[in-house]
Amino acid sequence: MLNLLSFLFGIISLVIVIPATIPFLGALNWLALPLIVIGIIVGQLSSSNSGRNFNLIVLLIAAIRLTLGGGIF
């Protein structure tokens, strides 16, 4: 059940992160980061690792986009 909840946090975060790859919308990643961290924590508490791994991939995408935009754009 926690794995499903972790996937849910990951999917919601991914919906926020994908539009944030468009120039000048990179600040949306700051809204997604807390959701990603909650998804990672819930995924860590789960018996399966797939939800946590999915959230880590979304975190990697958001972090790369934030570093390319200088943290803001």
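When reading the values below, keep in mind they use all heavy atoms of this one structure, side chains included, and skip hydrogens, waters and symmetry mates.
- Applying the side-chain contact (heavy atoms from CB on, under 4.5 Å) test to L14 and every residue at least two apart in sequence or in another chain returns I18, F54, V58.
- For S13, there are no side chain to side chain donor-acceptor pair (under 3.5 Å) partners, not counting sequence neighbours.
- The two residues N55 and G51 make their nearest non-hydrogen contact at ND2-O, 2.9 Å.
- Under the side-chain contact (heavy atoms from CB on, under 4.5 Å) criterion, T21 pairs with no residue, sequence neighbours left out.
- To the nearest 0.5 Å, atoms CG (L4) and CG (L8) are separated by 7.0 Å.
- The cluster map of Ile, Leu, Val, Met, Phe, Trp and Tyr, joined by side-chain heavy atoms under 4.5 Å apart, puts M1 and F9 in different clusters.
- Sorted by first and then second residue, the side chain to side chain donor-acceptor pair (under 3.5 Å) pairs with a member in residues 36-46 read Q44-R52; sequence neighbours excluded.
- Taking L60 as the reference, I64 meet the side-chain contact (heavy atoms from CB on, under 4.5 Å) condition, with sequence neighbours excluded.
- Between the side chain of T67 and the main chain of A63, a donor-acceptor pair closer than 3.5 Å is present.
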Return a table of donor-acceptor pairs under 3.5 angstrom between the side chains of residues 26-42 and protein atoms on other chains or two or more places apart.
residue	atom	partner	partner atom	Å
N29	ND2	G26	O	3.4
W30	NE1	G71	O	2.7

